4 protein chains.
Amino acid sequence: MIKGEISKLESYSVSNIIQKGGTILRSARSKDFTTKEGRKIAYDQLQSLGIEGLVAIGGDGTFTGANIFFEEYGIPTIGAPGTIDNDLYGTDYTIGYDTAVNTALDAIDKIRDTADSHDRVFFIEVMGRDSGYIAIPCAIGGGAEIVMIPETDTSIDYVVDTLRTGWSRSKTSFIVIIAEGGEEGSATEVAAKVQTALPHMDARVTILGHVQRGGSPTAADRMLASQLGIACVEGLLTGRKNEMAGIINGELVYTPFIDTITKDKPINPEFINMVNILSS
Amino acid sequence: MIKGEISKLESYSVSNIIQKGGTILRSARSKDFTTKEGRKIAYDQLQSLGIEGLVAIGGDGTFTGANIFFEEYGIPTIGAPGTIDNDLYGTDYTIGYDTAVNTALDAIDKIRDTADSHDRVFFIEVMGRDSGYIAIPCAIGGGAEIVMIPETDTSIDYVVDTLRTGWSRSKTSFIVIIAEGGEEGSATEVAAKVQTALPHMDARVTILGHVQRGGSPTAADRMLASQLGIACVEGLLTGRKNEMAGIINGELVYTPFIDTITKDKPINPEFINMVNILSS
Amino acid sequence: MIKGEISKLESYSVSNIIQKGGTILRSARSKDFTTKEGRKIAYDQLQSLGIEGLVAIGGDGTFTGANIFFEEYGIPTIGAPGTIDNDLYGTDYTIGYDTAVNTALDAIDKIRDTADSHDRVFFIEVMGRDSGYIAIPCAIGGGAEIVMIPETDTSIDYVVDTLRTGWSRSKTSFIVIIAEGGEEGSATEVAAKVQTALPHMDARVTILGHVQRGGSPTAADRMLASQLGIACVEGLLTGRKNEMAGIINGELVYTPFIDTITKDKPINPEFINMVNILSS
Amino acid sequence: MIKGEISKLESYSVSNIIQKGGTILRSARSKDFTTKEGRKIAYDQLQSLGIEGLVAIGGDGTFTGANIFFEEYGIPTIGAPGTIDNDLYGTDYTIGYDTAVNTALDAIDKIRDTADSHDRVFFIEVMGRDSGYIAIPCAIGGGAEIVMIPETDTSIDYVVDTLRTGWSRSKTSFIVIIAEGGEEGSATEVAAKVQTALPHMDARVTILGHVQRGGSPTAADRMLASQLGIACVEGLLTGRKNEMAGIINGELVYTPFIDTITKDKPINPEFINMVNILSS
C-alpha cells in the first residue's frame, strides 16, 4: 500500500496457488506503516486507486495496525486470521496452524525412529512464543514424555526427575517438546541445564525454526482459508468493518478487531492433562 | 473374540505406534460374528477371561454388531468412530478422515503439476461410497473444476457442458473429482462416457483406491483418536453402554449406537456451494 | 518456437523453482513441429531473434524432432533426458525417474498399511509403457509378491498360481505391481481375469496415473538436472551438436541423438531376479 | 552378541519392515565390545549357537570392531555400509544417505517458502561431522547461496561479504547450509558471529539434528539395501571375509575392511564448484 505495489487479481491470478506454502503477495511486516506518515501515504494510494475496503491477513500486529488505520481514515477492513500460532481470540483455528503442527509432528516421527539408545534424550524446540498451541498436539501426537509450554512453567527439576524415574523403569529414550517461549530458555539452554544434573545423559537437540512456517498447506488449512476468504469479501460487501472473520464451532463468526487484540484464547486444559495421561 | 486371540495391552504395548498407518490389532470384518453361533463363541471367550466391557472401533456395521451383541448378552460396549468416510452421525469427524483427505489431496497436487496440455482432463476417483465427504474438500483444496458426489447427481451432460465452456475460455486443463459411489459409475466409466461426447479430449484416469486408507495419521487424527480413546475407557468406567464417543463442536458427546446407525449426517451444503464459487 | 513465445531467462527467473514439480516453460508436445511448415516457422523465429543453439528436454520423440530440425536447418541442439520412464540409451538415469519411483512407492506403502484381510489382493498399476523401469524398484522397495512388466510377459496363470500357493502358506495379503504396458492389459483387466479364476479373491485396484508425473523433485533428480543443465550449456559453448548429455557411471557423457533413439537400454536382469529372491 | 539376544529371522520376520525408518534389530553402539572381555563373551555366544559368520551393518567404527574380532577369533564377517554420512571408501553410496539428504532438502524447501523479508538470513545445520556429503546436495538442490563444509574452510568473512554483495544487488533472503563439523562451529555460533558483523541482519537458525536419521527410506536406499543384503549373504556363502559389500559404478564390489577404515573417499570437487555456478 505504501509503495503502491498494487495489482488487480483476477480468478486466473490465483489458479494453481492453493497447494503452495508462503505467500504470492510477498507481503511482510512494514515499519513504515507504524508511523503516521507511512499510513498517510498508504491512504493516499488507496484513494487514488478508488479502493474502498481492505482484507488484512495476519494476527495481533496486523489487526492493531488495521484498527488504527480505520480510526484515522475510516477505510473498512475485514481480517483473516493468518498465523501459525493459533493463540488468537475469535476463531477456533488460525490459517497455517494445522500445517505447522503436522510439519513439526512429521519431524518428531523421524526422530522417534532413531530412539534406540539408552540414556538418549531428544530436546525438540517448536514454535509458540506465547503459548503451547503447537507444542501440545506435538507432544500428544508425537508420544513425547515431557512438554514445556509457557502456560505451565515446567521446571528443569521436573524434567530431571521425570528422566530419572523413566530410566529406573528402563525406558530407553525420551522426547521433550519445548515451546520456544518457555521460562527455561531455548532447547539448547534446557538441554545444557539438564545435562549438568544428569552428566551421563546423551542429549540431542533439534530446533525446527522456520521449517514450521512453510510447506504445502493441509486440507484443513485450505478449507479454512477458502471459507474465510469468501467471508472477508462477503463481510465487506455487506457493510462490515473492523472485524476478523473466524470459525467457532463450525459457524462463521465476525469478531471486532479490538477483541482479537485484547482477549485471550486459553488452550484447552484437558489437552494439557492428556499429555500426562498418555505419557505415563 | 471368536478365535480367542486376546492379549493384555500395557502402556508399553502401544509405545511407538501412534505414527503408524493401519492397525496393530489386525482386526477386520468377521463373517462369523454376523451369526448367532459366532456371537455365542465370542461371549464365552469374554466370560472365560472375565472381560466386562468392550471398545468397538469402526462405523455403521461395527456398531450394528455391537448393538445386537448387547441385546443378546448384555456386555456394555462403547464405540469409537473409526472410518475414513466421515458420514457417521454423532461426531463432527471420524478417526482417519483427515488423513484420507490429505492423502488424496497430495495426489491431486501432483497431478496438477502436470496440467500443461490443452484438452487434457483428469478424472480422479476418491473414496466415499455413500457421500461426498472426501470428495468435497479434495475439490475445494485441490482446485478442481468439477466434483461428482452421490448427494448431487451430477450428470455427464453437465460435465461435458462445463468442459466445453472452459475450453471456449481457453482454460488449458481440468480436474474432475469423482466419489466412487456416484450414479454415473467409476472414474473409468465417467471418462469413457465424456470421451464419447468430446472425441478430441485427452482423458487421464487416476483411481486412488486403498492408498487413502493408509499412511501416517495427521495431527488432527492423532488428537481425535487420543481424545476418544480416553473417552471410551472413561465411558465404560462410569457405567455407559451402547454409545459411541464423538466430538461435536469441540465437546465430548456420547450418542446411542442406534442413532449412529439410523440417523444421517448430511454434508454442509455451504461446502458444495463453495466448489462452485471457487471454480468459476 | 512456433508461436514465438520466447523469453530471455536471467538467473533470477529460475530462483525458487527447483523444488517445484511440472515445468515453468509450460512446454508440451507440438503437432505443428512434426510438419515441414511448422519447423520452417520455428526456424524463422530463431533466426529473427538471433538464437544459435537449442537445449531440448525430453525423450525419444523430442530428440527425433531435434534431429530432423538439425538436418533441415543446421541449428545445433544438445538434449537433456527429461522423462520419467528411464528407458533412454545414453544415461544411467533420466530426470524425473527417481521422483516418479519414490511417489509410486509412497502410495504402495500406504496400501501395505491396510493389508490386513485374508484373500485380499491389491493390483497396482504404475507407469512404464515399454519397460519395467518404474515397476521393478516399486516391487523390490514395496515388498510386492508379483510384478508384471513388458520384459517378462508374466501370464495370468502365473499370477493365479502364485496367489494359490501363497494362500496355502497362509499369507494374508498380496501386492501385484503392473506396468501399464503389459501384455495382459491394465490393472483393471488383470484383476478381472484373475477374479474369474479365483472367485473368492477380494481384489482392489489402484491406478496411479499422472500422480507419478508431478510432485517436488527428489534430491537425486535435482542434482542430475543441475549437472545436465550445466552440461547442455557447456556442450553448446564448446561446439557440440545433436547429442544428449547424460551421466554414465558417475561420468558426464554425450551420446548422439541417433543412438538415444535407436539403441535399447535393457533393465538390469539382476533386478528382475531380486524380486523373486526377496518375495519368496 | 554379548547379551545373547539373538533370534532366528525367517522371511516373515522381515515382512512389512522395508518402509520403516530406524532398525528392528534395536542394535546400537556397544562399549563392552571395545574390550577384550566383551568380545570373548560375544565369541562364546556365537560358538554355543553354532553361528559361523556375521553381517556387520555400520561404518568406520563397526568395521574396525569387526576387523579386530576376526583377528582374535577368526569369525568371517561381511559388512554393509549403513551410515547416513556417505564418507565411506568402497561404495558410491551408503545405505541411509539418500534418505537423509531428501529429508534435509524437504526442510530447506519449507524454509524457502517463507523467504520473503529483506535482510533475513537462514542458517541451517545439517549432519556431516567430517564431510560435506549431506551439505552439498542440500545446497545445490535447495538453492542455497552459501555452503560451509569441512572440506573448504569457508570463513565468516566470506559469509559476511557474500551477504553484503547480495543485499547490494537487492536479493531479499539467503540460505546458508552448515555441515555440523565446520571450523566455525554450529549454526548457532556461525549466526552469532555473522550477526556481530551485520547488526541489521535478521538471522534465523534451524538445527535438523536426528530428524535426518529417521523416516521412511527412499526408493534408492531400499534398492541399495536389498542389493547389499543379498551380497552380504552370498559373500559369506562363497567364503569371503572381512570385506564390505558396496556398489561402485553400478557394479557390486567387495572392499577389505582395512581399506574402508583407512582410505578416504573425497567428495567430487565438481559438486563444490556447482554450488558456486548455480548460486551466482
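Please read all numbers here as calculations on a predicted model, not as lab measurements. The sequence lines fix the lettering, A, B, ..., with proteins before strands; numbering per chain opens at 1.
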Checklist entry - Could you go step by step and tell me if C:R222 and D:I140 meet the side chain to side chain contact (heavy atoms under 4.5 Å, CB included) rule? => result CA-CA 8 Å; C:R222 297 186 198 189; D:I140 294 173; over 6 Å; no
Checklist entry - Can you list the steps and then say if D:I277 with C:I230 is a side chain to side chain contact (heavy atoms under 4.5 Å, CB included)? => result CA-CA 9 Å; D:I277 293 176; C:I230 294 173; 4.0 Å; yes
If you round to the nearest 0.5 Å, how far is [atom2] of [Y] from [atom1] of [X]?
{"X": "C:Q227", "Y": "D:N268", "atom1": "CD", "atom2": "CG", "answer": "7.5 Å"}
{"X": "C:Q19", "Y": "D:K110", "atom1": "CD", "atom2": "NZ", "answer": "11.0 Å"}
{"X": "C:N102", "Y": "D:T99", "atom1": "CG", "atom2": "OG1", "answer": "8.5 Å"}
{"X": "C:I248", "Y": "D:N249", "atom1": "CD1", "atom2": "CG", "answer": "11.0 Å"}
{"X": "C:I18", "Y": "D:L105", "atom1": "CD1", "atom2": "CG", "answer": "8.0 Å"}

Item to check | Neighbour count above 12 (heavy atom, 6.0 Å) for C:Y93 OH | outcome: no
Checklist entry - Is it the side chain or the backbone of C:E251 that comes within 4.5 Å of chain D heavy atoms, both, or neither? => result neither
Checklist outcome for this item: Of the listed D:G142, D:G250, D:P217, D:S226, the one with the largest count of heavy-atom pairs under 4.5 Å with chain C is D:S226
